[in-house]
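Just so you know, ligand 1 is whichever comes first in the structure, and atom 1 is the first atom listed for that ligand.
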Amino acid sequence: MADPKGFLNHGREVARTRPVEERVKDWNEVYVPGSLLPIISKQASRCMDCGIPFCHNGCPLGNLIPEWNDYAYREDWSAALERLHATNNFPEFTGRLCPAPCESACVLGINQPAVTIKNVEVSIIDKAWDSGDVAPQAPERLSGKTVAVIGSGPAGLAAAQQLTRAGHTVAVYERADRIGGLLRYGIPEFKMEKRHINRRIEQMRAEGTRFRTGIEIGRDMKATDLRKRYDAVVIAAGSTVSRDLPVPGRELNGIHFAMEYLPLANKVQEGDYVTPPITAEGKHVVVIGGGDTGADCVGTAHRQGAASVTQLEIMPQPGEERNPGQPWPTFPMLYKVTSAHEEGGERMYSVSTTHFEGDEDGNVQWLHLVEVEFVDGKLNQKPGTERKIPAQLVTLAMGFTGIDQENGMVSQFGLDLDERGNVARDGDFQTSVPGVFVAGDAGRGQSLIVWAIAEGRSAARGVDRFLTGASGLPAPIRPTDRALAV
Ligand SMILES: Cc1cc2nc3c(=O)[nH]c(=O)nc-3n(C[C@H](O)[C@H](O)[C@H](O)COP(=O)(O)OP(=O)(O)OC[C@H]3O[C@@H](n4cnc5c(N)ncnc54)[C@H](O)[C@@H]3O)c2cc1C
Ligand code: SF4
């Protein structure tokens with residue numbers, strides 16, 4: 001156990017962020033570099049090593065949190081790293097980006113601020129990278145079996161790393177020009193610098209994983225041809241179809257899906273453009289959708305020099321405390337102030353867009369909205385609350401409806417979909433087509449990085465069993481275990 005009195009002697013202290021006026025002028029991560037490590041042992045000492053660690057259950061990866069808290073408290077960084085990597089291939093991604101359902105389930109959180117689990121996680125792995133302790137783990141023997149992974153987001157990367165380490169020859173096919181999925185082109189640099197992805201890719205290459213970019217399965221290569229060339233396939237193609245807003249004026253210039261806008265900003269950081277083809281500079285920006293994707297648009301618009309940024313959400317503003325329907329240890333819907341929100345802009349709740357208005361050149365200028373309220377479970381517009389706000393760039397960040405079916409991959413494989421339009425799978429993450437597996441948002445629907453990694457690991461075990469009849473890879477989470485979904 002870490003310090004038995006740690007939680008009595010030390011309060012919760014989290015990573016410090018850089019001043020807003022400084023950070024909006026650059027794209028680097030918002031945190032003060034190096035500020036976490038000096039406080040992290042004390043923070044880890046607050047862990048009570050509970051008899052039943054509910055944080056394990058809160059974490060979809062089942063991370064061994066009290067174990068690595070103990071090692072972090074004792075500053076035994078190499079033991080902490082070994083326990084961290086035992087369940088998580090990419091803690092530098094989750095340690096930066098996870099909403100930390102583990103902390104919502106922390107026992108200390110019942111009557112005190114929870115242990116800063118996510119900060120401990122990122123400190124252990126950042127220290128390990130800085131010290132050169134993250135080495136490639138190439139397999140000792142090759143199985144002679146081949147696996148294709150479609151998609152290089154966190155699910156595909158986790159599956160590929162597990163299968164490569166199990167001795168299979170793995171190739172990752174990615175339709176984009178770079179590896180990383182939403183980690184690369186959705187999530188902005190200020191939330192996670194892309195160097196973290198690049199060095200993991202280097203580690204994976206050194207272990208033997210092969211990467212093929214610019215190839216879209218279904219379009220550039222038939223899914224059936226791919227299946228013939230490999231002994232097994234993992235589909236980790238994400239849930240990439242954006243939800244649209246079919247209201248009058250939607251066709252005007254300047255209205256874009258978030259995933260048309262954010263990748264261009266990320267491509268500027270990669271050096272592909274000097275200025276982004278879609279920019280918020282000097283414009284009144286409206287972001288429709290109150291979630292993470294919307295917050296990423298807000299932070300991006302601030303950095304591009306928007307004249308104003310307004311974020312709209314159709315649902316009411318969540319409370320700052322748990323409501324009785326979301327008791328500990330569940331992950332509650334709470335009012336969140338992300339780093340992007342600290343940087344400015346306005347948030348409007350309980351509003352719905354009725355239409356857009358443009359100028360004579362067909363460029364959007366105004367967004368018309370109305371206040372809404374739930375009456376008997378039905379969303380009603382409040383009469384007399386219609387108004388318009390300036391909108392010269394609008395981003396639609398209202399979620400994703402499922403796997404891309406236009407490129408032909410789903411039909412060429414002949415995959416069954418579930419009732420929600422995701423790729424159906426069994427307890428081994430195998431689809432309706434033998435030897436074809438699915439992991440991450442493609443099977444689960446729009447979710448989180450931590451779930452994508454967990455499912456990638458689980459699908460890898462299913463593939464390993466399919467290829468060899470048994471597997472030493474970690475046991476899968478249950479794909480139906482949606483009770484933990486956040
Ligand atoms: C803007 C944004 C911000 C987010 N922020 C967070 C966050 O802060 N924290 C968090 O936990 N989650 C966040 N999420 C959710 C998270 O990114 C996803 O749940 C996660 O990336 C899903 O991983 P995946 O591997 O299943 O799919 P993806 O990351 O979507 O990767 C799928 C990959 O498959 C490729 N692909 C698709 N079809 C084909 C094909 N036919 N052939 C070849 N390649 C193909 C795609 O190009 C893509 O690279 C965010 C999502 C968005 C959109
Ligand atoms: S991956 Fe997420 S839920 Fe799991 S320990 Fe890390 S921050 Fe917590």
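Looking at Glu174 against ligand 1, both its backbone and its side chain come within 4.0 Å, counting heavy atoms. Proximity of Ala236 to ligand 1, defined as any heavy-atom pair under 4.0 Å, is confined to the backbone N, CA, C and O atoms. Here Cys98 has side-chain heavy atoms under 4.0 Å from ligand 2, and that is the only part of it that gets that close. Contacts between Ile150 and ligand 1 below 4.0 angstrom, taking non-hydrogen atoms only, involve the side chain exclusively. Using a 4.0 Å cut-off between heavy atoms, Lys191 contacts ligand 1 through its side chain alone, with no backbone atom that close. If you look at Asn407 next to ligand 1, the close heavy atoms, those under 4.0 Å, all belong to the side chain. In Phe400, the part holding a heavy atom less than 4.0 Å from any atom of ligand 1 is the side chain. If you look at Leu157 next to ligand 1, there are no close heavy atoms at all, none under 4.0 Å.
Scanning all heavy atoms of the two residues, the minimum distance from Gly58 to Ala105 falls at CA-CB, 4.1 Å. Across all their heavy atoms, Ile117 and Glu103 have their closest contact at N-OE2, 3.0 Å.
The side-chain hydrogen bond (donor to acceptor under 3.5 Å, both in side chains) with His341 is formed by just one residue from the set Lys336, Gln311, Glu346, His302; it is Gln311. The one candidate from Arg184, Arg195, Lys194 that meets the salt bridge (charged side-chain N to carboxylate O under 4.0 Å, His left out) condition with Glu270 is Arg184. Applying the side chain to side chain contact (heavy atoms under 4.5 Å, CB included) test between Lys222 and each of Leu226, Asp220, Thr224 identifies Thr224 as the sole match.
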Walk me through it: do Gln161 and Arg165 pass the test side-chain contact (heavy atoms from CB on, under 4.5 Å)? CA-CA 6 Å; Gln161 186 165 60; Arg165 288 178 176 176; 3.0 Å; yes

Give the intermediate values and the outcome of side-chain hydrogen bond (donor to acceptor under 3.5 Å, both in side chains) for residues Ser447 and Arg444. CA-CA 7 Å; Ser447 185; Arg444 179 176 190 81; 3.2 Å; yes

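Of all atoms in ligand 2, numbered sequentially from 1 with element shown, those under 4.0 Å from a heavy atom of Thr94 are 1 (S). Within ligand 1, the atoms closer than 4.0 Å to a non-hydrogen atom of Tyr173 are 43 (C), 44 (N), numbered from 1 in the order shown. Close contacts of ligand 1 with Met409, meaning ligand atoms under 4.0 Å from a residue heavy atom, involve 41 (N). Near Cys102, meaning under 4.0 Å from one of its heavy atoms, ligand 2 places the atoms 3 (S), 5 (S), 7 (S), 8 (Fe). Residue contact check: Ser447 has heavy atoms under 4.0 Å from atoms 15 (C), 19 (O) of ligand 1. Heavy-atom proximity to Leu448, at under 4.0 Å, picks out these atoms of ligand 1: 10 (C), 11 (O), 12 (N), 19 (O). Proximity to Ile65 (heavy-atom distance under 4.0 Å) selects the following atoms of ligand 2: 5 (S). Atoms of ligand 2 lying under 4.0 Å from any heavy atom of Val450, numbered from 1 in the order shown and given with element: 1 (S). For ligand 2, the atoms lying closer than 4.0 Å to a non-hydrogen atom of Glu121 are 1 (S), 6 (Fe), 7 (S). Near Gly238, the atoms of ligand 1 lying under 4.0 angstrom from a non-hydrogen atom of the residue are 27 (O), 30 (O), 32 (C).
For the pair Ile449 and ligand 1, the shortest N or O to N or O distance falls below 3.5 Å. By the 3.5 Å distance cut-off applied to N or O atoms, Gly186 is not counted among the residues near ligand 1. In terms of polar-atom proximity, Ala155 is counted as a contact of ligand 1, with an N or O under 3.5 Å from an N or O of the ligand. An N or O contact shorter than 3.5 Å is missing between Gly180 and ligand 1 by distance.
Considering Pro154, Ser239, Gly294, Gly399 only, the shortest heavy-atom separation from atom 21 (O) of ligand 1 involves Pro154. Nearest to atom 38 (N) of ligand 1 by heavy atom, out of Gly153, Gly156, Ala237, Ala223, is Ala237. Around atom 29 (O) of ligand 1, the closest heavy atom drawn from Ile453, Ile179, Leu182, Asp177 belongs to Leu182.
Residue Cys55: no N/O/S atom is found under 2.8 Å from atom 8 (Fe) of ligand 2.
Proximity of a side-chain donor or acceptor of Ser432 to a complementary backbone N or O of Asp416 within less than 3.5 Å is detected. Checking side-chain atoms of Arg96 against main-chain N and O of Glu92 turns up a donor-acceptor pair under 3.5 Å.
In this structure, Glu29 and Lys191 have side chains that are not in contact, with every pair of non-hydrogen atoms separated by 4.5 Å or more.
Of all protein heavy atoms, the one closest to atom 39 (C) of ligand 1 is Arg175 CD, 3.8 Å. Looking only at protein heavy atoms, the nearest one to atom 4 (C) of ligand 1 is Ile187 CG1, 3.7 Å. The nearest heavy-atom contact from the protein to atom 34 (O) of ligand 1 is Gly151 CA, 3.2 Å. Of the protein's non-hydrogen atoms, Asn63 ND2, 3.3 Å is the one closest to atom 5 (S) of ligand 2. For atom 4 (Fe) of ligand 2, the nearest protein heavy atom (residue, atom name, distance) is Cys59 SG, 2.4 Å.
Both the sub-6.0 Å distance and the 45° axial angle are not jointly satisfied by Arg178 relative to the ring of Tyr185. Cation-pi check for Arg250 over Phe257 is met; the charged atom lies under 6.0 angstrom from the ring centroid and within 45 degrees of its normal.
The distance from the CG atom of Leu97 to the CD1 atom of Ile449 is 4.5 Å, given to the nearest 0.5 Å.
Between Tyr230 and Tyr173, the two ring planes are perpendicular [angle over 60°; tilted spans 30° to 60°].
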